[in-house]
2 protein chains.
Amino acid sequence: MKQSDMAIGAGSLRAVDRRPHEFLWRRLSGFAALSDQERSMVRQSCAAPGEVRAGVELYVEGEPLAKPGALLAGWACRLRMLSDGRRQIFDFLLPGDLFGHPLGAAPVATTSAVTLTPVSIAGTGCLWEMAREPDRFPGLACAWAVAQARQEACLLDHVVRLGRQTAYERIAHLLVELGHRLDEIGFPLGSFVPMPLTQEVMADALGLSVVHVNRTLQQLKRERLIETRAASVRLIEPRALAEIADFRPPRRLPVSG
Amino acid sequence: MKQSDMAIGAGSLRAVDRRPHEFLWRRLSGFAALSDQERSMVRQSCAAPGEVRAGVELYVEGEPLAKPGALLAGWACRLRMLSDGRRQIFDFLLPGDLFGHPLGAAPVATTSAVTLTPVSIAGTGCLWEMAREPDRFPGLACAWAVAQARQEACLLDHVVRLGRQTAYERIAHLLVELGHRLDEIGFPLGSFVPMPLTQEVMADALGLSVVHVNRTLQQLKRERLIETRAASVRLIEPRALAEIADFRPPRRLPVSG
DNA sequence: CGACATATTGATGGTAGTCAAACCTGGTGG
DNA sequence: CCACCAGGTTTGACTACCATCAATATGTCG
(Lines give C-alpha, C1' and ligand atoms only; values in the text may rest on other atoms or scores of the structure.)
Protein backbone atom coordinates (compact mmCIF):
# COMPACT_ATOMS: atom_id res chain seq x y z
CA MET A 1 0.00 0.00 0.00
CA LYS A 2 2.23 2.76 -1.14
CA GLN A 3 1.87 5.92 -3.03
CA SER A 4 1.63 5.31 -6.72
CA ASP A 5 1.65 8.00 -9.30
CA MET A 6 -0.86 6.25 -11.41
CA ALA A 7 -3.57 4.85 -9.20
CA ILE A 8 -6.66 6.22 -10.90
CA GLY A 9 -4.10 8.78 -11.87
CA ALA A 10 -4.47 11.48 -14.41
CA GLY A 11 -3.49 10.37 -17.83
CA SER A 12 -3.32 6.69 -17.14
CA LEU A 13 -6.78 5.20 -17.18
CA ARG A 14 -8.18 5.49 -20.64
CA ALA A 15 -11.72 5.09 -19.40
CA VAL A 16 -11.31 8.21 -17.36
CA ASP A 17 -9.80 10.19 -20.16
CA ARG A 18 -12.54 9.32 -22.56
CA ARG A 19 -15.31 9.89 -20.10
CA PRO A 20 -13.94 12.35 -17.59
CA HIS A 21 -17.38 12.92 -16.13
CA GLU A 22 -17.81 9.24 -15.31
CA PHE A 23 -17.14 9.33 -11.54
CA LEU A 24 -18.76 12.66 -10.91
CA TRP A 25 -21.82 11.50 -12.74
CA ARG A 26 -22.03 8.26 -10.82
CA ARG A 27 -21.64 10.04 -7.56
CA LEU A 28 -24.24 12.72 -8.18
CA SER A 29 -26.79 10.42 -9.73
CA GLY A 30 -26.31 8.11 -6.75
CA PHE A 31 -27.57 10.94 -4.60
CA ALA A 32 -30.55 12.05 -6.63
CA ALA A 33 -32.16 11.40 -9.98
CA LEU A 34 -30.89 13.88 -12.55
CA SER A 35 -32.59 15.04 -15.71
CA ASP A 36 -31.07 14.70 -19.16
CA GLN A 37 -30.42 18.40 -19.17
CA GLU A 38 -28.63 18.20 -15.85
CA ARG A 39 -26.66 15.28 -17.07
CA SER A 40 -25.43 17.12 -20.09
CA MET A 41 -24.46 20.08 -17.93
CA VAL A 42 -22.41 17.78 -15.72
CA ARG A 43 -20.71 16.35 -18.75
CA GLN A 44 -19.97 19.79 -20.11
CA SER A 45 -18.39 20.86 -16.84
CA CYS A 46 -15.97 17.99 -17.12
CA ALA A 47 -15.07 18.67 -20.72
CA ALA A 48 -11.70 20.29 -20.12
CA PRO A 49 -10.42 18.93 -16.82
CA GLY A 50 -7.38 20.48 -15.17
CA GLU A 51 -4.50 18.18 -14.33
CA VAL A 52 -2.64 18.56 -11.05
CA ARG A 53 0.31 16.58 -9.77
CA ALA A 54 0.52 14.81 -6.42
CA GLY A 55 1.36 16.83 -3.34
CA VAL A 56 -0.11 20.07 -4.61
CA GLU A 57 -2.37 22.31 -2.56
CA LEU A 58 -5.77 22.80 -4.16
CA TYR A 59 -6.48 25.59 -1.70
CA VAL A 60 -4.97 26.81 1.53
CA GLU A 61 -6.43 27.42 4.93
CA GLY A 62 -7.09 31.07 5.59
CA GLU A 63 -6.98 32.12 1.97
CA PRO A 64 -10.05 32.98 -0.07
CA LEU A 65 -11.51 29.98 -1.81
CA ALA A 66 -10.59 30.33 -5.44
CA LYS A 67 -12.87 28.09 -7.42
CA PRO A 68 -15.18 25.34 -6.36
CA GLY A 69 -14.41 22.08 -8.12
CA ALA A 70 -14.94 18.38 -8.35
CA LEU A 71 -12.39 15.60 -8.38
CA LEU A 72 -12.73 13.61 -11.61
CA ALA A 73 -9.86 11.24 -10.93
CA GLY A 74 -7.25 10.76 -8.22
CA TRP A 75 -7.31 11.35 -4.49
CA ALA A 76 -6.86 14.37 -2.27
CA CYS A 77 -7.46 15.21 1.38
CA ARG A 78 -8.46 18.12 3.53
CA LEU A 79 -6.09 18.85 6.38
CA ARG A 80 -4.72 21.38 8.80
CA MET A 81 -1.21 21.90 10.12
CA LEU A 82 -0.50 22.66 13.76
CA SER A 83 2.10 25.26 14.57
CA ASP A 84 4.59 22.62 15.67
CA GLY A 85 4.34 20.66 12.45
CA ARG A 86 1.83 18.06 13.55
CA ARG A 87 -0.74 17.42 10.88
CA GLN A 88 -4.37 16.39 11.02
CA ILE A 89 -6.25 15.08 8.03
CA PHE A 90 -9.99 15.66 8.17
CA ASP A 91 -11.21 13.62 5.27
CA PHE A 92 -10.39 12.26 1.88
CA LEU A 93 -11.60 13.43 -1.48
CA LEU A 94 -12.27 10.60 -3.91
CA PRO A 95 -13.14 10.72 -7.59
CA GLY A 96 -16.54 12.32 -7.91
CA ASP A 97 -16.25 14.35 -4.71
CA LEU A 98 -16.80 18.09 -4.57
CA PHE A 99 -14.46 20.52 -2.86
CA GLY A 100 -13.96 24.17 -2.18
CA HIS A 101 -17.61 25.10 -2.04
CA PRO A 102 -18.18 28.00 0.32
CA LEU A 103 -20.71 27.56 3.08
CA GLY A 104 -20.98 31.09 4.34
CA ALA A 105 -20.81 34.40 2.58
CA ALA A 106 -17.17 35.45 2.34
CA PRO A 107 -15.40 32.33 1.22
CA VAL A 108 -12.32 31.80 3.33
CA ALA A 109 -11.03 28.24 3.55
CA THR A 110 -11.08 26.69 7.01
CA THR A 111 -8.83 23.88 5.88
CA SER A 112 -6.24 23.23 3.24
CA ALA A 113 -6.68 20.58 0.59
CA VAL A 114 -3.76 18.65 -0.85
CA THR A 115 -3.61 16.12 -3.66
CA LEU A 116 -2.40 12.66 -2.68
CA THR A 117 -2.03 11.46 -6.26
CA PRO A 118 -2.11 13.19 -9.61
CA VAL A 119 -5.68 14.32 -10.05
CA SER A 120 -7.86 15.80 -12.69
CA ILE A 121 -10.42 18.34 -11.66
CA ALA A 122 -13.39 20.12 -13.11
CA GLY A 123 -14.47 23.60 -12.22
CA THR A 124 -18.01 23.49 -10.88
CA GLY A 125 -18.85 27.16 -10.65
CA CYS A 126 -21.56 26.71 -13.19
CA LEU A 127 -23.04 23.59 -11.66
CA TRP A 128 -22.94 25.23 -8.30
CA GLU A 129 -24.98 28.15 -9.54
CA MET A 130 -27.51 25.70 -10.93
CA ALA A 131 -27.65 23.80 -7.68
CA ARG A 132 -28.78 27.00 -5.99
CA GLU A 133 -31.91 27.09 -8.11
CA PRO A 134 -33.94 24.16 -6.82
CA ASP A 135 -36.92 25.18 -8.93
CA ARG A 136 -35.17 24.91 -12.24
CA PHE A 137 -32.77 22.10 -11.36
CA PRO A 138 -34.31 20.01 -8.59
CA GLY A 139 -32.16 16.96 -9.17
CA LEU A 140 -28.90 18.81 -9.10
CA ALA A 141 -29.88 20.88 -6.10
CA CYS A 142 -30.82 17.77 -4.21
CA ALA A 143 -27.70 15.86 -5.17
CA TRP A 144 -25.61 18.81 -4.11
CA ALA A 145 -27.27 19.02 -0.73
CA VAL A 146 -26.91 15.30 -0.16
CA ALA A 147 -23.26 15.42 -1.17
CA GLN A 148 -22.69 18.11 1.37
CA ALA A 149 -24.62 16.26 4.05
CA ARG A 150 -22.63 13.14 3.31
CA GLN A 151 -19.36 14.93 3.77
CA GLU A 152 -20.59 16.27 7.07
CA ALA A 153 -21.62 12.79 8.15
CA CYS A 154 -18.18 11.44 7.33
CA LEU A 155 -16.68 14.13 9.50
CA LEU A 156 -18.86 13.05 12.40
CA ASP A 157 -17.79 9.45 11.91
CA HIS A 158 -14.24 10.67 11.94
CA VAL A 159 -14.75 12.34 15.30
CA VAL A 160 -16.09 9.12 16.73
CA ARG A 161 -13.13 7.18 15.41
CA LEU A 162 -10.67 9.60 16.93
CA GLY A 163 -12.46 10.04 20.20
CA ARG A 164 -13.66 6.63 21.11
CA GLN A 165 -12.02 3.91 19.07
CA THR A 166 -8.80 1.96 19.38
CA ALA A 167 -6.19 1.97 16.64
CA TYR A 168 -7.45 -1.38 15.44
CA GLU A 169 -11.03 -0.16 15.23
CA ARG A 170 -10.04 3.13 13.65
CA ILE A 171 -8.20 1.52 10.80
CA ALA A 172 -10.94 -0.99 10.20
CA HIS A 173 -13.49 1.80 10.21
CA LEU A 174 -11.59 3.97 7.78
CA LEU A 175 -11.05 1.07 5.41
CA VAL A 176 -14.69 0.13 5.46
CA GLU A 177 -15.80 3.71 4.96
CA LEU A 178 -13.51 4.17 1.99
CA GLY A 179 -14.54 0.78 0.69
CA HIS A 180 -18.17 1.83 0.66
CA ARG A 181 -17.46 5.16 -0.94
CA LEU A 182 -15.45 3.46 -3.64
CA ASP A 183 -18.22 0.96 -4.11
CA GLU A 184 -20.56 3.82 -4.86
CA ILE A 185 -18.41 5.00 -7.72
CA GLY A 186 -17.93 1.62 -9.28
CA PHE A 187 -15.22 -0.25 -7.40
CA PRO A 188 -16.96 -3.30 -5.92
CA LEU A 189 -16.69 -3.83 -2.20
CA GLY A 190 -14.68 -6.98 -1.58
CA SER A 191 -12.49 -6.70 -4.63
CA PHE A 192 -9.12 -5.00 -4.99
CA VAL A 193 -9.74 -1.28 -5.03
CA PRO A 194 -7.41 1.69 -5.33
CA MET A 195 -6.15 3.01 -2.01
CA PRO A 196 -3.23 5.32 -2.66
CA LEU A 197 -2.57 6.18 0.97
CA THR A 198 0.82 6.02 2.59
CA GLN A 199 0.90 4.81 6.15
CA GLU A 200 1.92 8.29 7.15
CA VAL A 201 -1.24 9.69 5.59
CA MET A 202 -3.35 7.14 7.41
CA ALA A 203 -1.53 8.01 10.62
CA ASP A 204 -2.24 11.70 10.18
CA ALA A 205 -5.88 11.00 9.50
CA LEU A 206 -6.37 8.59 12.37
CA GLY A 207 -4.35 10.35 15.02
CA LEU A 208 -1.80 7.54 15.26
CA SER A 209 1.91 7.16 14.72
CA VAL A 210 3.20 5.67 11.49
CA VAL A 211 4.74 2.79 13.37
CA HIS A 212 1.51 1.90 15.03
CA VAL A 213 -0.43 2.07 11.79
CA ASN A 214 2.05 -0.31 10.29
CA ARG A 215 1.71 -2.85 13.09
CA THR A 216 -2.04 -2.64 13.12
CA LEU A 217 -2.29 -3.13 9.37
CA GLN A 218 -0.10 -6.18 9.73
CA GLN A 219 -2.45 -7.53 12.33
CA LEU A 220 -5.41 -7.08 9.99
CA LYS A 221 -3.51 -8.91 7.28
CA ARG A 222 -2.46 -11.70 9.61
CA GLU A 223 -6.10 -12.17 10.53
CA ARG A 224 -6.97 -12.38 6.86
CA LEU A 225 -9.34 -9.45 7.04
CA ILE A 226 -7.56 -7.41 4.39
CA GLU A 227 -5.03 -7.93 1.67
CA THR A 228 -2.83 -5.26 0.10
CA ARG A 229 -1.07 -4.85 -3.18
CA ALA A 230 0.73 -1.92 -4.76
CA ALA A 231 -1.54 1.04 -4.03
CA SER A 232 -4.65 -1.01 -3.56
CA VAL A 233 -6.47 -3.01 -0.90
CA ARG A 234 -8.97 -5.79 -0.77
CA LEU A 235 -11.38 -6.02 2.13
CA ILE A 236 -11.58 -9.78 2.44
CA GLU A 237 -14.24 -9.71 5.11
CA PRO A 238 -16.20 -6.49 4.82
CA ARG A 239 -18.82 -7.65 7.28
CA ALA A 240 -16.32 -8.66 9.92
CA LEU A 241 -14.51 -5.38 9.48
CA ALA A 242 -17.71 -3.42 9.78
CA GLU A 243 -18.51 -5.33 12.93
CA ILE A 244 -15.12 -4.58 14.44
CA ALA A 245 -15.44 -0.93 13.53
CA ASP A 246 -19.06 -0.53 14.61
CA PHE A 247 -19.54 0.86 11.13
CA ARG A 248 -22.97 2.09 10.15
CA PRO A 249 -23.64 2.23 6.46
CA PRO A 250 -24.79 5.71 5.49
CA ARG A 251 -28.51 6.12 5.17
CA ARG A 252 -29.89 5.52 1.74
CA LEU A 253 -31.15 9.02 1.32
CA PRO A 254 -30.71 12.58 2.41
CA VAL A 255 -29.57 13.32 5.87
CA SER A 256 -28.79 16.18 8.13
CA GLY A 257 -28.33 17.20 11.73
CA MET B 1 -17.25 22.47 38.08
CA LYS B 2 -20.29 20.39 38.56
CA GLN B 3 -23.70 20.13 37.09
CA SER B 4 -26.00 22.74 38.45
CA ASP B 5 -29.63 22.99 37.63
CA MET B 6 -29.52 26.69 37.58
CA ALA B 7 -26.48 27.80 35.66
CA ILE B 8 -28.05 30.11 33.12
CA GLY B 9 -30.91 27.80 33.88
CA ALA B 10 -34.45 28.21 32.87
CA GLY B 11 -36.42 30.22 35.32
CA SER B 12 -33.55 31.43 37.42
CA LEU B 13 -31.87 34.38 35.79
CA ARG B 14 -34.28 37.24 35.69
CA ALA B 15 -32.43 38.96 32.89
CA VAL B 16 -33.07 35.97 30.70
CA ASP B 17 -36.73 35.73 31.58
CA ARG B 18 -37.36 39.35 30.84
CA ARG B 19 -35.40 39.38 27.65
CA PRO B 20 -35.42 35.83 26.38
CA HIS B 21 -34.05 36.90 23.03
CA GLU B 22 -30.97 38.46 24.61
CA PHE B 23 -28.40 35.74 23.85
CA LEU B 24 -29.77 34.81 20.47
CA TRP B 25 -29.78 38.42 19.49
CA ARG B 26 -26.20 38.98 20.65
CA ARG B 27 -25.03 35.94 18.81
CA LEU B 28 -26.72 36.68 15.51
CA SER B 29 -25.86 40.35 15.50
CA GLY B 30 -22.27 39.40 16.24
CA PHE B 31 -22.26 37.54 12.96
CA ALA B 32 -23.91 40.15 10.75
CA ALA B 33 -25.63 43.50 11.03
CA LEU B 34 -29.38 43.01 11.34
CA SER B 35 -32.11 45.45 10.42
CA ASP B 36 -34.74 46.66 12.86
CA GLN B 37 -37.27 44.48 11.16
CA GLU B 38 -35.06 41.45 11.52
CA ARG B 39 -34.44 42.30 15.11
CA SER B 40 -38.09 42.42 15.90
CA MET B 41 -38.62 39.09 14.16
CA VAL B 42 -35.91 37.58 16.31
CA ARG B 43 -37.53 38.96 19.41
CA GLN B 44 -40.91 37.64 18.36
CA SER B 45 -39.52 34.16 17.83
CA CYS B 46 -38.33 34.15 21.40
CA ALA B 47 -41.60 35.40 22.84
CA ALA B 48 -42.85 32.09 24.18
CA PRO B 49 -39.81 29.95 24.85
CA GLY B 50 -40.20 26.27 25.63
CA GLU B 51 -38.66 25.01 28.85
CA VAL B 52 -36.85 21.69 28.93
CA ARG B 53 -35.21 19.97 31.89
CA ALA B 54 -31.63 18.70 32.01
CA GLY B 55 -30.84 15.35 30.44
CA VAL B 56 -33.58 15.49 27.84
CA GLU B 57 -33.09 14.65 24.20
CA LEU B 58 -33.91 17.54 21.89
CA TYR B 59 -33.76 15.19 18.94
CA VAL B 60 -32.48 11.71 18.29
CA GLU B 61 -30.06 10.32 15.76
CA GLY B 62 -31.82 8.62 12.90
CA GLU B 63 -35.20 10.19 13.53
CA PRO B 64 -36.65 12.96 11.42
CA LEU B 65 -35.70 16.39 12.66
CA ALA B 66 -38.78 17.79 14.31
CA LYS B 67 -38.34 21.51 14.59
CA PRO B 68 -35.34 23.70 14.17
CA GLY B 69 -34.66 25.82 17.21
CA ALA B 70 -32.34 28.09 19.10
CA LEU B 71 -31.07 27.79 22.63
CA LEU B 72 -32.07 30.88 24.58
CA ALA B 73 -30.61 29.76 27.89
CA GLY B 74 -28.84 26.71 29.21
CA TRP B 75 -26.43 24.24 27.62
CA ALA B 76 -26.84 21.17 25.46
CA CYS B 77 -24.58 18.99 23.36
CA ARG B 78 -24.68 16.93 20.20
CA LEU B 79 -23.54 13.37 20.58
CA ARG B 80 -23.66 9.84 19.33
CA MET B 81 -23.73 6.53 21.18
CA LEU B 82 -21.67 3.55 20.07
CA SER B 83 -23.25 0.15 20.17
CA ASP B 84 -21.24 -0.85 23.22
CA GLY B 85 -22.28 2.15 25.25
CA ARG B 86 -19.31 4.37 24.58
CA ARG B 87 -20.35 7.93 23.93
CA GLN B 88 -18.87 10.67 21.83
CA ILE B 89 -19.85 14.30 22.19
CA PHE B 90 -19.38 16.34 19.03
CA ASP B 91 -19.96 19.85 20.26
CA PHE B 92 -21.73 21.99 22.77
CA LEU B 93 -24.72 24.22 22.26
CA LEU B 94 -24.56 27.46 24.22
CA PRO B 95 -27.18 30.14 24.68
CA GLY B 96 -27.78 31.76 21.34
CA ASP B 97 -26.80 28.69 19.33
CA LEU B 98 -28.99 27.17 16.66
CA PHE B 99 -29.76 23.49 16.41
CA GLY B 100 -31.73 20.99 14.40
CA HIS B 101 -31.52 22.81 11.11
CA PRO B 102 -31.53 20.37 8.22
CA LEU B 103 -28.71 20.56 5.71
CA GLY B 104 -29.99 18.28 3.04
CA ALA B 105 -33.46 17.62 1.76
CA ALA B 106 -35.04 14.93 3.91
CA PRO B 107 -34.23 15.96 7.44
CA VAL B 108 -32.94 12.96 9.35
CA ALA B 109 -30.73 13.71 12.32
CA THR B 110 -27.16 12.44 12.07
CA THR B 111 -26.62 13.01 15.77
CA SER B 112 -28.65 13.22 18.93
CA ALA B 113 -28.80 16.36 21.01
CA VAL B 114 -29.18 16.27 24.77
CA THR B 115 -29.64 19.08 27.28
CA LEU B 116 -26.92 19.38 29.90
CA THR B 117 -28.85 21.85 32.03
CA PRO B 118 -32.41 23.06 32.04
CA VAL B 119 -32.77 25.07 28.86
CA SER B 120 -35.26 27.36 27.25
CA ILE B 121 -35.63 27.15 23.53
CA ALA B 122 -37.27 29.07 20.74
CA GLY B 123 -38.66 27.56 17.61
CA THR B 124 -36.92 29.10 14.63
CA GLY B 125 -38.96 27.75 11.76
CA CYS B 126 -40.02 31.23 10.86
CA LEU B 127 -36.56 32.78 11.11
CA TRP B 128 -35.19 29.92 9.13
CA GLU B 129 -37.60 30.58 6.31
CA MET B 130 -36.53 34.21 6.34
CA ALA B 131 -32.87 33.27 6.29
CA ARG B 132 -33.50 31.46 3.04
CA GLU B 133 -34.49 34.70 1.35
CA PRO B 134 -31.26 36.65 1.15
CA ASP B 135 -32.88 39.33 -0.96
CA ARG B 136 -35.48 40.29 1.58
CA PHE B 137 -33.47 39.57 4.71
CA PRO B 138 -29.78 39.93 3.89
CA GLY B 139 -28.63 40.34 7.49
CA LEU B 140 -30.43 37.31 8.78
CA ALA B 141 -29.38 35.17 5.86
CA CYS B 142 -25.79 36.12 6.39
CA ALA B 143 -25.86 35.61 10.14
CA TRP B 144 -27.41 32.22 9.59
CA ALA B 145 -24.74 31.17 7.16
CA VAL B 146 -21.99 32.39 9.42
CA ALA B 147 -23.50 30.58 12.39
CA GLN B 148 -23.51 27.40 10.38
CA ALA B 149 -19.95 27.94 9.19
CA ARG B 150 -18.87 28.61 12.74
CA GLN B 151 -20.32 25.35 13.96
CA GLU B 152 -18.52 23.55 11.18
CA ALA B 153 -15.28 25.25 12.14
CA CYS B 154 -15.68 24.16 15.74
CA LEU B 155 -16.11 20.61 14.57
CA LEU B 156 -12.86 20.82 12.66
CA ASP B 157 -11.10 22.15 15.73
CA HIS B 158 -12.55 19.24 17.63
CA VAL B 159 -11.07 16.79 15.17
CA VAL B 160 -7.67 18.36 15.63
CA ARG B 161 -7.98 18.16 19.40
CA LEU B 162 -8.90 14.50 19.29
CA GLY B 163 -6.42 13.51 16.65
CA ARG B 164 -3.30 15.40 17.49
CA GLN B 165 -3.37 16.84 20.97
CA THR B 166 -2.52 15.50 24.41
CA ALA B 167 -5.05 15.44 27.22
CA TYR B 168 -3.52 18.60 28.66
CA GLU B 169 -3.76 20.43 25.36
CA ARG B 170 -7.25 19.15 24.64
CA ILE B 171 -8.67 20.44 27.87
CA ALA B 172 -6.94 23.78 27.52
CA HIS B 173 -8.23 24.06 23.98
CA LEU B 174 -11.79 23.24 24.88
CA LEU B 175 -11.80 25.70 27.75
CA VAL B 176 -10.41 28.48 25.60
CA GLU B 177 -12.88 27.76 22.83
CA LEU B 178 -15.81 27.83 25.19
CA GLY B 179 -14.37 30.91 26.85
CA HIS B 180 -14.34 32.74 23.56
CA ARG B 181 -17.82 31.63 22.64
CA LEU B 182 -19.12 32.77 26.00
CA ASP B 183 -17.29 36.04 25.58
CA GLU B 184 -19.25 36.60 22.39
CA ILE B 185 -22.54 36.38 24.21
CA GLY B 186 -21.58 38.63 27.06
CA PHE B 187 -19.50 36.65 29.56
CA PRO B 188 -16.12 38.37 29.59
CA LEU B 189 -13.09 36.24 28.92
CA GLY B 190 -10.98 36.10 32.06
CA SER B 191 -13.85 36.37 34.51
CA PHE B 192 -15.87 33.60 36.09
CA VAL B 193 -18.19 32.24 33.46
CA PRO B 194 -20.79 29.47 33.54
CA MET B 195 -19.44 26.05 32.61
CA PRO B 196 -21.99 23.44 33.62
CA LEU B 197 -20.01 20.44 32.43
CA THR B 198 -19.39 17.38 34.53
CA GLN B 199 -16.01 15.78 34.16
CA GLU B 200 -17.73 12.86 32.54
CA VAL B 201 -19.15 15.13 29.87
CA MET B 202 -15.74 16.63 29.22
CA ALA B 203 -14.31 13.14 29.03
CA ASP B 204 -16.88 12.07 26.46
CA ALA B 205 -16.20 15.15 24.40
CA LEU B 206 -12.43 14.92 24.55
CA GLY B 207 -12.02 11.18 24.15
CA LEU B 208 -10.52 10.76 27.63
CA SER B 209 -11.42 8.89 30.78
CA VAL B 210 -13.10 10.72 33.62
CA VAL B 211 -10.18 10.02 35.88
CA HIS B 212 -7.72 11.53 33.51
CA VAL B 213 -9.84 14.62 32.99
CA ASN B 214 -9.90 15.08 36.72
CA ARG B 215 -6.13 14.84 37.06
CA THR B 216 -5.49 17.13 34.14
CA LEU B 217 -7.88 19.76 35.46
CA GLN B 218 -6.06 19.61 38.76
CA GLN B 219 -2.81 20.22 36.98
CA LEU B 220 -4.24 23.30 35.27
CA LYS B 221 -5.43 24.58 38.64
CA ARG B 222 -2.11 23.85 40.29
CA GLU B 223 -0.41 25.86 37.60
CA ARG B 224 -2.82 28.72 38.25
CA LEU B 225 -4.10 28.72 34.71
CA ILE B 226 -7.71 28.17 35.66
CA GLU B 227 -9.88 28.41 38.72
CA THR B 228 -13.20 26.67 39.27
CA ARG B 229 -16.21 27.32 41.40
CA ALA B 230 -19.66 25.71 41.49
CA ALA B 231 -20.56 25.24 37.84
CA SER B 232 -18.27 27.96 36.59
CA VAL B 233 -14.68 28.50 35.59
CA ARG B 234 -12.28 31.38 35.32
CA LEU B 235 -9.53 31.31 32.76
CA ILE B 236 -6.84 33.06 34.71
CA GLU B 237 -4.38 33.15 31.85
CA PRO B 238 -6.31 33.01 28.60
CA ARG B 239 -3.24 33.80 26.54
CA ALA B 240 -1.11 31.11 28.15
CA LEU B 241 -3.92 28.61 27.70
CA ALA B 242 -4.36 29.56 24.06
CA GLU B 243 -0.64 29.11 23.60
CA ILE B 244 -0.67 25.67 25.18
CA ALA B 245 -3.64 24.66 23.07
CA ASP B 246 -2.40 26.16 19.82
CA PHE B 247 -5.76 27.87 19.76
CA ARG B 248 -6.62 30.07 16.82
CA PRO B 249 -9.29 32.63 17.42
CA PRO B 250 -12.03 32.27 14.84
CA ARG B 251 -11.82 34.69 11.96
CA ARG B 252 -13.66 37.92 12.43
CA LEU B 253 -15.99 37.32 9.56
CA PRO B 254 -17.61 34.68 7.42
CA VAL B 255 -15.77 31.55 6.75
CA SER B 256 -16.11 28.33 4.90
CA GLY B 257 -14.25 25.37 3.50
C1' DC C 1 -30.53 11.42 57.29
C1' DG C 2 -29.83 8.29 53.37
C1' DA C 3 -29.59 7.79 48.33
C1' DC C 4 -27.32 9.23 44.46
C1' DA C 5 -24.30 11.66 41.44
C1' DT C 6 -19.99 13.65 41.02
C1' DA C 7 -15.28 14.36 42.32
C1' DT C 8 -10.93 12.66 44.04
C1' DT C 9 -7.15 9.51 45.04
C1' DG C 10 -4.11 5.37 44.58
C1' DA C 11 -2.34 1.35 42.28
C1' DT C 12 -1.58 -1.22 38.06
C1' DG C 13 -1.36 -2.32 33.23
C1' DG C 14 -1.91 -1.82 28.33
C1' DT C 15 -2.13 0.84 24.17
C1' DA C 16 0.27 3.53 21.50
C1' DG C 17 4.29 7.02 21.02
C1' DT C 18 9.22 7.70 20.37
C1' DC C 19 13.76 6.68 18.83
C1' DA C 20 16.65 4.31 15.86
C1' DA C 21 18.12 1.25 12.49
C1' DA C 22 17.47 -1.78 8.63
C1' DC C 23 15.14 -2.84 4.55
C1' DC C 24 12.67 -2.27 0.31
C1' DT C 25 11.38 -0.19 -4.01
C1' DG C 26 11.42 2.65 -7.84
C1' DG C 27 13.80 6.40 -10.01
C1' DT C 28 18.10 8.86 -11.43
C1' DG C 29 22.28 9.41 -13.41
C1' DG C 30 27.09 8.33 -14.12
C1' DC D 1 24.32 -1.81 -15.65
C1' DC D 2 24.89 -0.63 -11.26
C1' DA D 3 25.62 2.77 -7.59
C1' DC D 4 23.09 5.86 -5.31
C1' DC D 5 19.24 8.16 -3.32
C1' DA D 6 14.61 9.33 -1.54
C1' DG D 7 10.47 7.97 0.20
C1' DG D 8 8.11 4.48 2.19
C1' DT D 9 7.87 0.26 5.05
C1' DT D 10 9.26 -2.83 8.63
C1' DT D 11 11.38 -4.25 13.01
C1' DG D 12 13.05 -3.87 17.83
C1' DA D 13 13.68 -1.72 22.31
C1' DC D 14 12.05 1.41 25.44
C1' DT D 15 8.88 4.75 27.39
C1' DA D 16 4.83 7.28 28.79
C1' DC D 17 0.44 8.59 28.47
C1' DC D 18 -3.72 7.45 29.63
C1' DA D 19 -7.30 3.66 30.72
C1' DT D 20 -9.02 0.72 34.09
C1' DC D 21 -10.30 -0.86 38.58
C1' DA D 22 -11.38 0.15 43.15
C1' DA D 23 -12.13 2.75 47.06
C1' DT D 24 -12.99 6.99 49.37
C1' DA D 25 -14.55 11.82 49.69
C1' DT D 26 -17.77 15.47 48.77
C1' DG D 27 -21.94 17.38 47.63
C1' DT D 28 -26.77 17.69 46.55
C1' DC D 29 -31.46 16.66 46.91
C1' DG D 30 -35.63 14.50 48.49
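Letters A, B, ... mirror the listed sequences (proteins, then strands); counts begin at 1. Worth knowing before you read on, the calculation uses all heavy atoms, side chains too, and leaves out hydrogens, waters and symmetry mates.
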What's the closest nucleotide to the side chain of [X] if the choices are [options]?
X        : options               : result
A:Leu208 : D:dC18, C:dA7, C:dG17 : C:dG17
B:Gln218 : C:dT9, D:dG8, D:dT11  : C:dT9
A:Val211 : D:dG8, C:dA20, D:dC18 : C:dA20
A:Thr198 : D:dG8, C:dT8, D:dA19  : D:dG8
B:Gln199 : D:dT11, C:dA7, C:dT18 : C:dA7
A:Arg215 : D:dT20, C:dA7, C:dT18 : C:dT18

Atom [atom1] of [X] and atom [atom2] of [N]: how far apart are they, to the nearest Å?
X        : N      : atom1 : atom2 : result
B:Asp204 : D:dA19 : CG    : C1'   : 14 Å
B:His212 : C:dG10 : NE2   : P     : 16 Å
A:Arg86  : C:dA16 : CZ    : P     : 18 Å
B:Leu217 : C:dT9  : CG    : P     : 12 Å

Main-chain N/O of A:Arg170 paired to A:Arg161 side chain as donor or acceptor, under 3.5 Å =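 Not confirmed, A:Arg161 side chain does not pair with A:Arg170 backbone.
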
ask   = Any donor-acceptor pair under 3.5 Å linking the side chain of A:Gln88 with the backbone of A:Ala205?
value =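 Confirmed, A:Gln88 side chain pairs with A:Ala205 backbone.
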
message = Please determine whether a side-chain nitrogen or oxygen atom of B:Asn214 lies at a distance below 4.0 Å from atom OP1 or OP2 of C:dT8.
response =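 Yes, such a contact exists.
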
inquiry  = If you take any heavy atom closer than 4.0 Å to DNA chain C, which residues from residues 157-167 of chain A end up in contact?
reply    =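 Within residues 157-167 of chain A, the residues near DNA chain C are A:Thr166, A:Ala167.
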
query = Does a side-chain heavy-atom distance below 4.5 Å link B:His173 with B:Asp246?
reply =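 Side chain of B:His173 against side chain of B:Asp246, heavy atoms only: no contact under 4.5 Å found.
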
query = With a 4.5 Å heavy-atom cut-off, do B:Leu98 and B:Leu24 have their side chains touching?
reply =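 A side-chain contact under 4.5 Å exists here.
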
inquiry  = I'd like to check the ring-ring contact (aromatic ring centres under 6.0 Å, His included) partners of B:Tyr168; sequence neighbours left out, ordered by chain and number.
reply    =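 Per chain and number, B:Tyr168 pairs via ring-ring contact (aromatic ring centres under 6.0 Å, His included) with no residue.
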
Indicate every side-chain donor-acceptor pair of residues 187-196 of chain A with a distance under 3.5 Å to a residue at least two apart or in another chain.
unit_1, atom_1, unit_2, atom_2, d
A:Ser191, OG, A:Pro188, O, 2.7

